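Worksheet: one structure, shown below.
Small disclaimer: the values here were computed from a predicted structure and weren't measured. For the numbers below, each heavy atom of this structure counts, side chains included, while hydrogens, waters and symmetry mates do not.
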Amino acid sequence: MYFRAYFKGRLEKLVIIPTYNEKENIPVILRAIFSLNQGYHVLVVDDNSPDGTGDVVKNLISQYKGQLFLAERMGKQGLGTAYIHGFKWAVERGYEYIFEMDADFSHDPNDLEKLYRACKNGADVAVGSRYVKGGKIENWPLDRHIYSKGGAIYTKLVTWMPVNDPTAGFMCYRRIVLETINLDEIKFVGYAFQIEMKFAAWKLHFKITEVPITFRDRKIGVSKMSKGILKEGVLGVLNIQWHSLFKNYRRRVGAIEAKATAVLPATKVLAEND
């Protein structure tokens, strides 16, 4: 593992993008984010994509000097662990606002500022939500609408968490949230990961705000959805609530002294001049 970077200005906004076989999407999404000219840095966490996504990012690092970073992991380890890696990386370096975002344009880069403003104006966690007034989904078949909306209702009923889009993956966290949550206790890797992060923040009394967005189905590449991820979502919600009722959940996920901020092993992080 090694890290060399030359940051410019205040470390305020970091967008974490996990990738696996996204070589067509990643240069376009990066260009869109940096074209905003709003001071965003981006950390791409790539799980050794067979299509060469990591190499595409490496070739762009010099173009986006001091703004673009790549963490390469040795094999496909799952969405949740990619974000945990990115969270620890961001907290260790002192970023104030940390974003989650997909590489496939299902999340509109123009909405990053909406999430940022929500946190600047008092929210601890801003959720890019499909299921609040003004939010919507485009280009999904009926069955995906049913699974997604049904899953959101199911999660809300089981956990009692006041979030309408608990599986949303377009997020902004204030650093204090990620510093407070014991990230090593967040175990899920798919939909349940997104649910548990929101649940942990809520249980630790952080303010969660939902910001309406338009979610668009990917146009390029293959969805990473699987039956295993769906199963984890269904059973994971029950597991999360069970532990919160009987296992002193707040103490476990909020133990500041237990949190680990070191970058995960079997990883290297690249910046310019590497």
Side-chain angles (χ1 to χ4, degrees), residues 16-18 20 22 25 29 78-80 82-83 99-112 114-115 118-119 123-173 186-203 206-245 249:
I16 302 168
I17 304 179
Y20 188 78
E22 296 285 2
N25 286 313
I29 197 76
L79 180 74
Y83 276 128
F99 300 78
E100 296 182 10
M101 185 177 188
D102 291 344
D104 61 8
F105 279 93
S106 56
H107 303 144
D108 186 344
N110 291 302
D111 288 333
L112 285 166
K114 292 166 63 176
L115 299 177
C119 284
D124 298 306
V125 181
V127 179
S129 180
R130 299 162 288 186
Y131 300 130
V132 293
K133 184 178 181 180
K136 60 182 179 178
I137 299 172
E138 293 182 354
N139 304 323
W140 263 13
L142 180 60
D143 60 340
R144 286 199 68 180
H145 279 283
I146 293 171
Y147 292 146
S148 178
K149 184 63 175 180
I153 293 171
Y154 163 76
T155 299
K156 197 170 183 179
L157 288 173
V158 172
T159 64
W160 316 326
M161 179 171 57
V163 176
N164 294 296
D165 196 351
T167 62
F170 195 17
M171 309 273 296
C172 178
Y173 293 93
I186 306 297
K187 302 299 184 183
F188 296 107
V189 298
Y191 272 177
F193 164 79
Q194 299 291 5
I195 295 167
E196 187 169 15
M197 282 298 298
K198 297 176 185 69
F199 188 78
W202 175 57
K203 282 291 186 178
F206 288 109
K207 180 180 179 182
I208 302 175
T209 296
E210 293 188 81
V211 176
I213 64 162
T214 297
F215 181 97
R216 297 177 176 88
D217 199 13
R218 67 162 59 235
K219 294 182 179 179
I220 300 174
V222 179
S223 172
K224 311 304 188 294
M225 182 60 62
S226 68
K227 290 182 179 178
I229 290 174
L230 289 173
K231 181 179 178 181
E232 182 197 67
V234 172
L235 299 180
V237 169
L238 294 172
N239 182 281
I240 290 166
Q241 182 66 311
W242 174 266
H243 281 81
S244 75
L245 292 173
Y249 183 84

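Smallest separation of non-hydrogen atoms from Y131 and K149: OH-N, 3.5 Å. A pairwise comparison of heavy atoms in I208 and A201 identifies CD1-CB, 4.4 Å as the closest pair. Considering all non-hydrogen atoms of both residues, Y83 and G169 come closest at OH-O, 4.1 Å.
Side-chain contact between P166 and M161 is present, with heavy atoms from C-beta onward closer than 4.5 Å. Proximity of I195 to T155: side-chain heavy atoms (C-beta onward) are separated by under 4.5 Å at one or more points. Contact check for M197 versus I186: side-chain heavy atoms found under the 4.5 Å cut-off. T214 places a side-chain heavy atom less than 4.5 Å from the side chain of E138.
Electrostatic pairing of R144 and D217 counts as a salt bridge here, judged by a charged N lying under 4.0 Å from a carboxylate O.
Atom OH in Y147 sits 15.5 Å away from atom OH in Y154 (nearest 0.5 Å). The line from CD1 of I29 to NE2 of H107 is 9.5 Å long, rounded to the nearest 0.5 Å. Here the CD1-OG distance, from I137 to S106, works out to 10.5 Å after rounding to the nearest 0.5 Å. For the atom pair NZ (K187) and CD (E196), the distance works out to 9.5 Å, reported to the nearest 0.5 Å. Rounding to the nearest 0.5 Å gives a distance of 8.5 Å between CG of D108 and CD1 of I213.
Figure legend: K136 and F215 shown without cation-pi pairing, the cationic atom not lying both under 6.0 angstrom from the six-membered ring centre and within 45 degrees of its axis.
Within the structure, salt bridge (charged side-chain N to carboxylate O under 4.0 Å, His left out) contacts touching residues 159-172 (residues at least two apart or in different chains) are R130-D165.
Applying the side chain to side chain contact (heavy atoms under 4.5 Å, CB included) test to I146 and every residue at least two apart in sequence or in another chain returns L142. Here T209 pairs with nothing under the side-chain hydrogen bond (donor to acceptor under 3.5 Å, both in side chains) rule; sequence neighbours left out. The side chain to side chain contact (heavy atoms under 4.5 Å, CB included) check on A82 picks up P18, V45, R73, with sequence neighbours excluded. For F99, the ring pair (Phe, Tyr, Trp, His ring centres under 6.0 Å) partners at least two apart in sequence or on another chain are Y40. With sequence neighbours excluded, the residues that form a salt bridge (charged side-chain N to carboxylate O under 4.0 Å, His left out) with D124 are R174.
Among V211, L115, D102, the single residue meeting the side chain to side chain contact (heavy atoms under 4.5 Å, CB included) criterion with F170 is L115.
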Q. Do E100 and Y173 pass the side chain to side chain contact (heavy atoms under 4.5 Å, CB included) test, and can you show the C-alpha distance, the side-chain angles, and the key distance before you say yes or no?
A. CA-CA 9 Å; E100 296 182 10; Y173 293 93; 3.5 Å; yes
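Side-chain atoms of K198 come within 3.5 Å of backbone N or O of A168 as a donor-acceptor pair. Here the side chain of E210 pairs a donor or acceptor atom with the backbone of N164 at under 3.5 angstrom.
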